Participant: 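Right, I'll just put the structure down here and ask away after.
Every chain is numbered from 1, with letters handed out A, B, ... down the list of sequences. None of these values were measured; they are calculated from a predicted model. All values below were derived from every heavy atom in this structure, side-chain atoms included, with hydrogens, water molecules and symmetry-related copies excluded.
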2 protein chains.
Amino acid sequence: MLPPGVSKAEFDAAIAEFKKIVGNEWVFTSAEDVALYRDAYSQVWNEPEERLASAAVAPASTEEVQAVVKTANKYKIPIYAISTGRNLGYGGAAPAMSGSVVLDLKRMNKIIEVNERHAYALVEPGVSYFDLYRYIQEHKLKVWIDCPDPGWGSVIGNAMDRGGGVTQAAFRNHFEAHCGMEVVLANGEVMRTGMGALPNSKTWQQFKTGFGPYVDGIFSQGNFGIVTKMGFWLMPQPEAYLGGYVHVFKHEDLIPLIDITTRLENQLVINGMLHFGSPILGPLGPGQVALADAPPPPAELTALLAKPGGPPMPDLEAYAQKAGKGLWGVMVQFYGPQKVIEAQWEHTKQMLSAIPGVKFEDGKRLTFPLTTQKIDQTVDKASFGIPSLSIFAGVARQITGTPWTGHVGFSPIIPRTGEAVFEAQKVFADISREYGMPVSPLVVPFTYWQRSFVFLFLFPVTHDIEANKKNREAFRKLVKVSAEHGWGEYRTPVIYQDDVQDVYSFNNHALRRFHETIKDAVDPNGILSPGRYGIWPKHLRKA
Amino acid sequence: MLPPGVSKAEFDAAIAEFKKIVGNEWVFTSAEDVALYRDAYSQVWNEPEERLASAAVAPASTEEVQAVVKTANKYKIPIYAISTGRNLGYGGAAPAMSGSVVLDLKRMNKIIEVNERHAYALVEPGVSYFDLYRYIQEHKLKVWIDCPDPGWGSVIGNAMDRGGGVTQAAFRNHFEAHCGMEVVLANGEVMRTGMGALPNSKTWQQFKTGFGPYVDGIFSQGNFGIVTKMGFWLMPQPEAYLGGYVHVFKHEDLIPLIDITTRLENQLVINGMLHFGSPILGPLGPGQVALADAPPPPAELTALLAKPGGPPMPDLEAYAQKAGKGLWGVMVQFYGPQKVIEAQWEHTKQMLSAIPGVKFEDGKRLTFPLTTQKIDQTVDKASFGIPSLSIFAGVARQITGTPWTGHVGFSPIIPRTGEAVFEAQKVFADISREYGMPVSPLVVPFTYWQRSFVFLFLFPVTHDIEANKKNREAFRKLVKVSAEHGWGEYRTPVIYQDDVQDVYSFNNHALRRFHETIKDAVDPNGILSPGRYGIWPKHLRKA
């Protein structure tokens, strides 16, 4: 396979130059090697639409990245930068355009600095959450990372894709928690942003915006440059932790439950992630997936949920009352000094007592640092800044019927209100019924971000071409219907990036055209990750 | 006066078109009218370097802004957008390049929405902090704004200049607290960012980043577009407030004082702005300026401070001990439920007890909403989201010697440590001595941002050309020396924007060249605010 518009001779010349730059052993061209860059969770597996790399190059330093980019420019070779390629469900290591050479940054795995006093880290793209966690433990530093679950991915890669974690709001937003970047531009030049633009700056990781236009954001979810270093603010280790559970029993109670807890989070009274859910279905909180060993719901509930047209709410309410578990519930979390978090939980209960019949339940109380034994026993490790892979076991256990080989995430942003949840449940349930997809009528979205919900749900990926086709149709329908309701996705797998970019169409796609103007200016040969997030260089753009 | 390279006929034709767009009465060309756009705090007042407008145009809507921009493009007229032009000390209403037509957005003063449930506002550029505050009071909404002091400026204007306020960290950073923009581009097209790019979006002010590159940052401190609407997250009104004072008595105590309180702020235990200072000099906190009626320091202290080569620290320490007031101190602030903030203050005292001899003093306790009477009595109104102009009285009172007609702010970012403060005090005192400028050896910088200090100090502006010249020399020297120490300014008056942009020179000014590449692409005629923050369009760029 060759990149579009590139001759065999040009491609070979580029590969030869890449080898000179990074060493023969770090340029991959054999079918077996290149196959490793396929997206294992691809919904177009073995179909013509599958995005396949032509080769891969793994540089070891910023200088090598610069040289590779210069060569790519010379021969007009599209290069698709990945950090570690672990964002399974959103595209993995495969490029947005077939024929691209994957620029694999995994060898750039230096942890340049972890500063306890100022609570920040400066890392390269190949550094995983596990790497950073281990470094912090080895050096006994009193700072926490905020990691996604699973935590095997790249700290930079996840931030550049604007992923989220599960600790405090200021750290859960991985892109927003960054401070300072080093970027290799399409012309091969290296640039530093924020205070990094000041030689010998003393505050590169301490003050985000520097002087003049704040450019960092345009490198996220885009293809305007290759980030080779990035700083992140870390969470100072708290003294203690307290989790609490709240149960409410009427269907409409979800509305005040969300309103009151959201206000408390925005007031910093609740300072951990809120996990909404339906306690009658099983345990709440980040540990719920890994706890999926729990017995299935009783037959009575299963029967209610299976009723055609959805479960009758009065029956569900009666069931919840009888079971003594909320029809809706939320796990609230507090990090801080013991006395403070106890007072915060007390106040939270007081505010929520406005909901008739509300019940409270204490969750766990912890003090930090955790002992090794305690860590082993902890199911929801990510809530304490500890990366793990246990979520895979949970997901695996949930499989019934046709075996999934993976999943892709559909992730629209909806308002953080009960009304919006009810509307989204209905809209998505209708479509899911049409396509035979399993969407629970009691699902409540995630609160990765402070003032909105992510209505994330996972679509199965199989190796059955017909099943994948049908699922893709369903996915594309969801993108459209969702947009009609004013809900846009915040992130999507590579094969849907054009679809999603298309619905962000205000004023005849003014924003996309603005991206394209910048793209053509900063990358005139269009070599950096063509097609990523729906941004194509001029010569590849559809009319 | 005409814009550079524009003929009288072209200029007149443009003015005639502007009149058609906005109405005759909203195009200002007479000498008296245009003089109102002079920077009253200009350090080049009446000198050839003073930046003067050729005319001003005040559109009333986004559509009128679009039409003005299109006309400006047609005749290549530089237009300099201001919101209300109230950022005195950083440039005021005057353009960065003489001959520019000021685009005065003051008539676009609609408060489009203030949403209590989601705690946000959506406003136009002409809306001042006073306007927004009044609206919130009239509608009895339980949300606070975060305003700078003085609070007469534009909410959007201050954010676009990346100004700061004095409440909680998440709201103090006015640019970071924004969510969603509407921008008129140089080609006259209107674009919406974030979720605003999705037509009928339900979360424009609730989710910041949308899909694809996050472009908002490049419009701040720059000249790539004209913001015509912008959303801001507001602070939900807290239940109560508690202020506390901490005194330490040894010179070196400043180091742990800063370290411990910074960690507590980053842990959200202290959730209001920290005001560091030297209690022996007078009261701490945001009210200190307005409290300047207080008697001057005793003769003994004045004599110590005036000693050549600076005050001997052992003598100052002895003085502080005797006076029972800290040589260094900090005012800490807590917003939240009564029980929570009391526990936070307790914990803060416990942590700070690690400093031998530390003393604590309770400040005021308030519950909200404040009564009108209470508001009138409150000196530090901005700490409670209430805009005021009282700081002007404070500044005025401090004038001795040659009358100031204004001031400009020198505002380098330094690390948030005692060591950095000591070093900066020394460096800046040396220069200030050289130029006869008053810099106290006991000054401690501001903490507008969580992980760095702003070593803001005000330079006098007079109507004496010789004095201004000398002060400009001092200012430029400070910019250079500061940069040599790794401290960069976060913002500067228009006449120094080239100087400051110059020191952000990593890799042969890679960042500025990147800005220029974008500028040429998105504004090929270079009509939008040429020179702002040191970014010039191609035809005006120095070789």
Participant: Measure the shortest side-chain to side-chain distance between A/Ser220 and B/Thr209 over non-hydrogen atoms and say whether it is less than 4.5 angstrom.
Facilitator: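 The answer is no, as the side chains (C-beta and beyond) never meet within the 4.5 Å cut-off.
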Participant: Quick check on the interface: out of B/Ala169, B/Ala170, B/Ala119, B/Gly336, who has the most heavy-atom pairs with chain A under 4.5 Å?
Facilitator: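 Ranked by contacts with chain A, first place is B/Ala119.
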Participant: May I ask you to name which of B/Gly486, B/Ala521, B/Gly210 has the most heavy-atom pairs under 4.5 Å with chain A?
Facilitator: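 With the most close heavy-atom pairs to chain A, the winner is B/Gly486.
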Participant: Check whether A/Gln497 gets within reach of chain B through its side chain, its backbone, both or neither, counting any heavy atom under 4.5 Å.
Facilitator: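 For A/Gln497, heavy atoms of backbone and side chain both lie under 4.5 Å from chain B.
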Participant: What closest approach, in Å, do B/Pro199 and A/Ser505 show between heavy atoms, and which atom pair accounts for it?
Facilitator: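 Closest approach of B/Pro199 to A/Ser505, heavy atoms only: CG-OG, 3.4 Å.
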Participant: Rounded to the nearest 0.5 Å, what's the gap from OH on B/Tyr214 to OH on A/Tyr214? Could you check?
Facilitator: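 Nearest 0.5 Å value for the OH-OH distance: 9.0 Å.
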Participant: Most heavy-atom pairs under 4.5 angstrom with chain A, which of B/Phe175, B/Tyr120, B/Phe514, B/Phe224?
Facilitator: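 Maximum pair count with chain A is reached by B/Phe514.
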Participant: Given heavy-atom pairs under 4.5 angstrom as the criterion, report whether the side chain, backbone, both or neither of B/Gln237 touches chain A.
Facilitator: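 Both the backbone and the side chain of B/Gln237 come within 4.5 Å of chain A.
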Participant: At a heavy-atom distance under 4.5 Å, which candidate from A/Pro238, A/Gly222, A/Pro337 has the highest pair count against chain B?
Facilitator: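 Between A/Pro238, A/Gly222, A/Pro337, the count favours A/Pro337.
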Participant: Could you grab the distance from atom CD of A/Glu484 to atom CG of B/Asn200, nearest 0.5 Å is fine?
Facilitator: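 Rounded to the nearest 0.5 Å, the CD-CG separation comes to 10.0 Å.
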Participant: Do B/Phe207 and A/Val454 make a side-chain contact, defined as non-hydrogen atoms from C-beta onward lying under 4.5 Å apart?
Facilitator: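 Heavy-atom side-chain distance check fails, nothing below 4.5 Å.
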Participant: Under the 3.5 angstrom rule, does the side chain of A/Lys202 hit a backbone N or O of B/Ile414 as a donor-acceptor pair?
Facilitator: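 No, because the side chain of A/Lys202 does not come within donor-acceptor range (under 3.5 Å) of the backbone of B/Ile414.
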Participant: Please classify the contact of B/Arg532 with chain A as side chain, backbone, both or neither, using a heavy-atom distance under 4.5 Å.
Facilitator: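 Neither part.
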Participant: Taking atom NZ of A/Lys208 and atom CD of B/Gln450, what is their separation to the nearest 0.5 Å?
Facilitator: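 The NZ atom of A/Lys208 sits 7.0 Å away from the CD atom of B/Gln450.
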Participant: Heavy-atom cut-off 4.5 Å, strictly under: side chain, backbone, both or neither for B/Lys142 against chain A?
Facilitator: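 Interface part for B/Lys142: both.
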Participant: As an exercise: rank A/Arg512, A/Gln338, A/Glu346, A/Arg513 by heavy-atom pairs under 4.5 Å with chain B and give me the winner.
Facilitator: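 Result: the option with the highest number of such pairs is A/Arg513.
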Participant: Grab the two heavy atoms, one from A/Glu239 and one from B/Met351, that are nearest each other, plus how far apart they are.
Facilitator: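 What the structure gives for the nearest pair is OE2-SD, 4.4 Å.
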Participant: If I measure from the heavy atoms of chain A, does B/Gln168 come under 4.5 Å with its side chain, its backbone, both, or neither?
Facilitator: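 Contact with chain A involves the side chain of B/Gln168 alone.
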Participant: Which one of A/Ile413, A/Val215, A/Asn266 has the most heavy-atom pairs closer than 4.5 Å to chain B?
Facilitator: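 The option with the most such pairs is A/Ile413.
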Participant: Quick check: do A/Thr203 and B/Trp487 have side-chain heavy atoms less than 4.5 Å from each other?
Facilitator: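 Answer no - side chains too far apart.
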Participant: Is it the side chain or the backbone of A/Trp204 that comes within 4.5 Å of chain B heavy atoms, both, or neither?
Facilitator: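 It is neither, since no heavy atom gets under 4.5 Å.
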Participant: Taking all non-hydrogen atoms of both residues into account, name the closest pair between B/Gln501 and A/Phe211 and its distance.
Facilitator: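 B/Gln501 and A/Phe211 have their closest heavy atoms at N-CE2, 3.7 Å.
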Participant: If you define the side chain from C-beta out and look only at heavy atoms, does anything of B/Leu185 sit under 4.5 Å from A/Thr517?
Facilitator: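 In short, these two side chains do not touch, never coming nearer than 4.5 Å.
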Participant: Just how far is it from atom CZ of A/Phe506 to atom OG1 of B/Thr193, taken to the nearest 0.5 Å?
Facilitator: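 Spacing of CZ (A/Phe506) from OG1 (B/Thr193) equals 10.5 Å.
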Participant: Specify which of B/Pro213, B/Ala483, B/Cys179 makes the most heavy-atom pairs with chain A at under 4.5 Å.
Facilitator: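 Answer, by heavy-atom pair count under 4.5 Å with chain A: B/Pro213.
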Participant: Out of B/Asn223, B/Asp161, B/Val190, return the one with the most heavy atom pairs under 4.5 angstrom to chain A.
Facilitator: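 Looking at each option in turn, the highest pair count goes to B/Val190.
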Participant: Does a sphere of radius 6.0 Å around NZ in B/Lys480 hold more than 12 heavy atoms from other residues, nucleotides or ligands, not counting ones at 6.0 Å or beyond?
Facilitator: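 No.
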Participant: Let me confirm one number: the NE2-CG distance from B/His485 to A/Leu198, rounded to the nearest 0.5 Å.
Facilitator: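 CG of A/Leu198 is found 12.0 Å from NE2 of B/His485.
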Participant: Name the region of A/Leu268, side chain, backbone, both or neither, that has any atom closer than 4.5 Å to a heavy atom of chain B.
Facilitator: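 Looking at A/Leu268, just its side chain touches chain B.
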Participant: Do you know the tightest heavy-atom contact between B/Ala197 and A/Leu511?
Facilitator: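 Looking at all heavy atoms of both residues, the closest pair is CB-CD2, 3.6 Å.
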Participant: Let me know which of B/Glu189, B/Glu182, B/Arg192 forms a side chain to side chain contact (heavy atoms under 4.5 Å, CB included) with A/Asn507.
Facilitator: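 That would be B/Glu189.
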Participant: In terms of heavy-atom proximity below 4.5 Å to chain B, should A/Phe171 be classed as side chain, backbone, both, or neither?
Facilitator: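 The side chain, not the backbone.
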Participant: Report which part of B/Met235 has an atom under 4.5 Å of a heavy atom belonging to chain A: side chain, backbone, both, or neither.
Facilitator: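 Neither part; nothing is under 4.5 Å.
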Participant: Whether the side chain of B/Arg451 engages the backbone of A/His118 through a donor-acceptor N/O pair (distance < 3.5 Å, no angle test) should be reported.
Facilitator: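 Between the backbone of A/His118 and the side chain of B/Arg451 there is a qualifying donor-acceptor contact (under 3.5 Å).
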Participant: Give me the atom names and distance for the closest heavy-atom approach of B/Ile518 to A/Ile218.
Facilitator: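 Shortest heavy-atom contact: CD1-CD1, 4.1 Å.
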Participant: Only pairs of heavy atoms separated by less than 4.5 Å count here; which of A/Thr417, A/Val183, A/Asp520, A/Ile535 has the most with chain B?
Facilitator: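 Result: the option with the highest number of such pairs is A/Thr417.
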Participant: Among A/Gly196, A/Gly534, A/Ser452, which residue has the highest count of heavy-atom pairs closer than 4.5 Å to chain B?
Facilitator: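 That would be A/Ser452.
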Participant: Okay, side chain of A/Arg162, backbone of B/Gly212: is any donor-acceptor separation there less than 3.5 Å?
Facilitator: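 Checked: pair present.
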Participant: Quick check on B/His509 against chain A: is it the side chain, the backbone, both or neither that has a heavy atom closer than 4.5 Å?
Facilitator: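 Contact with chain A: none, neither part.
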Participant: Heavy-atom distances under 4.5 Å only: say whether B/Asn271 touches chain A with side chain, backbone, both or neither.
Facilitator: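 Looking at B/Asn271, just its side chain touches chain A.
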Participant: Measure the spacing between CD of A/Glu342 and NZ of B/Lys339 and express it to the nearest 0.5 Å.
Facilitator: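 So the gap between those two atoms works out to 11.5 Å.
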Participant: Which atoms of A/Leu234 come close to chain B, meaning under 4.5 Å heavy atom to heavy atom: side chain ones, backbone ones, both, or neither?
Facilitator: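 Just its backbone gets close to chain B.
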Participant: If I compare all heavy atoms of A/Pro236 with all of B/Gln267, which pair ends up nearest, and what's the gap?
Facilitator: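 That would be CB-CG, 3.6 Å.
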Participant: Among A/Arg117, A/Gln344, A/His347, A/Met195, who wins on heavy-atom pairs under 4.5 Å with chain B?
Facilitator: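 Option with the top pair count is A/Arg117.
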Participant: Where does A/Val269 contact chain B at under 4.5 Å (heavy atoms): side chain, backbone, both or neither?
Facilitator: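 For A/Val269, side-chain heavy atoms alone lie under 4.5 Å from chain B.
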